[in-house]
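One structure is given here, and the rest of the page talks about it.
Excluded from the calculations below are hydrogen atoms, water molecules and symmetry mates; all remaining heavy atoms, backbone and side chain alike, are included. Every number for a ligand or one of its atoms is a count from 1 in the order of the listing. The residues of the chain are indexed from 1 along the displayed sequence. Computed from a predicted model, the values in this text were never measured in an experiment.
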Amino acid sequence: MGEVDLAFIQDPEHRPKLSPIQVEGIPIIDLSPITNQTVSNLSSIESLVKEIGSACKEWGFFQVINHGVSLTLRQRLDKASRMFFAQTLEEKKKVSRDEISLIGYYDTELTKNVRDWKEVFDFLAKDPTFIPASSDEHDDRLIQWTNASPEYPSNFRNLIQEYIEEMEKLSFKLMELIALSLGLEAKRFEEFFMKDQTSFIRFNHYPPCPYPHLALGVGRHKDGGALTILAQDEVGGLEVKRKADQEWVPVKPTPDAYIINVGDIIQVWSNDLYESVEHRVMVNYEKERFSIPFFFNPAHDTEVKPLEEMTNEENPSKYRAYKWGKFLVHRKGSNFKKQNEENIQIYHYKIA
Ligand SMILES: O=C(O)CCC(=O)C(=O)O
Ligand SMILES: [Fe+2]
């Protein structure tokens with residue numbers, strides 16, 4: 001691709017700095033106190049809970065090590081994902097997203113109306129997943145999203161399913177730690193994810209880009225769900241907007257670590273105590289990059305609003321309730337088609 005395709009070009013204020021500042025990055029948290037154990041013995045994990053709480057408050061992002069997810073499994077999945085993307089476009093399009101089931105392969109995703117320099121393959125944790133038929137609040141119809149099953153590599157589907165189980169286990173543990181850090185019962189969030197979860201995993205491939213100073217792999221955005229668990233490879237490119245000074249800070253790859261970020265739903269549940277932080281992905285002139293985020297999302301009919309325990313007379317609820325499924329459908333629509341307005345954001349539900 002020699003010529004610049006304008007669809008990918010970011011407005012000047014959103015273009016990346018190719019040599020980002022080298023600074024102390026997001027905290028690295030050692031999960032060994034809870035690996036292979038239940039989060040029941042509060043005293044042994046007190047300092048871990050504090051670390052999680054400060055990371056959520058100060059950064060909205062952290063990395064975890066000693067998380068209990070098998071490295072071999074991660075490596076096998078990573079290899080399978082590379083094999084999948086190395087196929088011809090024609091092969092990959094056999095498992096394309098369609099207008100009904102917005103899950104599968106896609107290479108023309110937009111973030112805030114600018115095209116991302118990437119191709120993706122999405123796979124649901126629960127098949128089928130129930131989703132509202134439209135974002136119209138008066139429309140009660142539901143549809144089902146289902147997974148497309150890639151034929152190649154032949155073990156891809158099984159590996160994905162095995163890995164999703166690990167991601168779910170880790171997500172539940174992290175949600176318990178986050179609940180404790182907010183002064184809530186460890187299992188406070190469990191009910192939202194027990195039935196009809198809308199979680200999904202995404203395989204991202206960012207090919208080398210001839211104009212990395214103008215385009216982004218993923219434009220600046222906040223994750224709309226509850227929690228994201230990201231595996232990035234050794235190339236690097238993820239940047240997080242540091243809350244302290246609004247600088248874009250690179251997240252340096254740490255071998256076998258997962259990057260965790262709080263999504264919009266936790267921001268609302270916590271009544272803004274924790275914030276869903278903006279991030280973006282830079283692309284690279286020479287190197288391709290792969291990443292695998294797992295988006296831990298509640299059931300479509302979850303009514304998202306600040307938890308009662310997080311509000312009181314001095315600190316009233318900062319958001320009106322909204323239905324997660326409606327938000328998700330609205331957001332997905334804007335990733336699919338260019339729109340004349342900004343895509344849906346939680347601040348649209350903010351009580352002034
Ligand atoms: O590839 C990455 O490092 C992050 C991707 C991301 O932020 C997303 O897919 O929401
Ligand atoms: Fe993201």
Side-chain angles (χ1 to χ4, degrees), residues 10 14 16 20 25-26 59-64 74 77-78 81-82 84-85 97 102-112 114-125 164 167 171 198-209 212 215-242 248-267 274-284 287-297 327-328 331-332 334-336 343-346:
Q10 298 284 333
H14 299 307
I26 62 173
W59 285 90
F61 264 84
F62 52 97
Q63 306 202 54
V64 292
R74 173 168 170 174
L77 186 70
D78 176 63
S81 149
R82 287 167 195 261
F84 171 80
F85 284 118
R97 262 190 217 188
L102 301 185
I103 287 294
Y105 175 78
Y106 200 56
D107 66 352
T108 51
E109 187 159 75
L110 303 167
T111 301
K112 299 199 197 298
V114 181
R115 213 172 134 186
D116 292 334
W117 193 271
K118 68 175 181 191
E119 51 179 347
V120 310
F121 177 66
D122 288 340
F123 196 92
L124 297 160
I164 284 177
M167 289 296 105
S171 301
T198 56
S199 306
F200 66 99
I201 193 164
R202 166 165 288 187
F203 297 87
N204 282 311
H205 174 218
Y206 305 95
C209 176
L216 286 167
V218 187
R220 81 208 138 86
H221 69 281
K222 301 177 179 195
D223 292 347
L227 192 78
T228 306
I229 302 184
L230 173 81
Q232 72 163 337
D233 69 8
E234 68 299 335
V235 172
L238 174 65
E239 293 188 312
V240 169
K241 201 166 204 182
R242 182 163 55 191
W248 285 106
V249 171
V251 180
K252 234 173 74 195
T254 304
D256 194 25
Y258 286 97
I259 298 159
I260 314 295
N261 66 290
V262 162
D264 289 345
I265 295 180
I266 292 184
Q267 174 165 347
Y274 295 167
E275 206 180 302
S276 169
V277 165
E278 239 178 4
H279 52 287
R280 66 184 187 185
V281 176
M282 294 211 299
V283 276
N284 193 296
K287 293 182 190 154
E288 59 180 344
R289 173 177 182 266
F290 294 85
S291 75
I292 312 176
F294 174 73
F295 300 102
F296 192 52
N297 293 338
F327 186 97
L328 178 63
R331 177 65 70 85
K332 284 272 184 187
S334 65
N335 296 346
F336 211 60
N343 61 3
I344 189 157
Q345 303 289 336
I346 49 169

Quiz prompt | Closest approach of any protein heavy atom to atom 10 (O) of ligand 1, naming residue and atom | solution = His221 NE2, 3.0 Å
Exercise. Decide whether the shortest distance between a heavy atom of Arg289 and an atom of ligand 1 is less than 4.0 Å.
Key: yes
Exercise. Report yes if some N/O of Asp223 lies less than 3.5 Å from some N/O of ligand 1; otherwise report no.
Key: yes
Quiz prompt | Phe84 and Phe121 aromatic centres sub-6.0 Å | solution = yes
Quiz prompt | Between Tyr105 and Glu119: side-chain donor-acceptor atoms closer than 3.5 Å | solution = yes
Practice problem: Determine whether the side chain, the backbone, both or neither of Leu230 has a heavy atom under 4.0 Å from any heavy atom of ligand 1. | Solution: side chain
Quiz item: With a cut-off of 4.0 Å, which atoms of ligand 1 are near a heavy atom of Asn204?
Solution: 1 (O), 5 (C), 9 (O)
Self-check item: Arg202 to Tyr106, cation-pi by 6.0 Å centre distance and 45° axis angle
Solution: no
Quiz item: With a 4.5 Å limit on heavy-atom distance, are the side chains of Phe295 and Ile229 in contact?
Solution: no
Quiz prompt | Min heavy-atom dist His279 to ligand 1 below 4.0 Å | solution = yes
Practice problem: Can you pull out the closest protein heavy atom to atom 5 (C) of ligand 1? Residue, atom name and distance to 0.1 Å, please. | Solution: Tyr206 OH, 3.6 Å
Quiz item: Just by distance, with hydrogens left out, do Ser199 and Asn297 show a side-chain donor and acceptor under 3.5 Å apart?
Solution: no
Quiz item: ring pair (Phe, Tyr, Trp, His ring centres under 6.0 Å) with His279: which of Trp59, Trp248, Phe61?
Solution: Phe61
Self-check item: Numbered atoms and elements of ligand 1 in range of Phe295, under 4.0 angstrom, heavy atoms
Solution: 8 (C), 9 (O), 10 (O)
Quiz item: Can you list the ligand 1 atoms lying under 4.0 Å from a non-hydrogen atom of Leu238?
Solution: 3 (O)
Quiz item: In terms of residue, atom name and distance, what is the protein heavy atom nearest to atom 4 (C) of ligand 1?
Solution: Val281 CG2, 3.6 Å
Quiz item: If the Fe ion (ligand 2) is the vertex, what is the angle to NE2 of His221 and OD1 of Asp223, rounded to 10 degrees?
Solution: 90°
Practice problem: Report yes or no: do Arg220 and Gln10 form a side-chain donor-acceptor pair below 3.5 Å? | Solution: no
Quiz item: With Glu278, which of Lys241, Arg242, Lys222 fulfils salt bridge (charged side-chain N to carboxylate O under 4.0 Å, His left out)?
Solution: Lys241
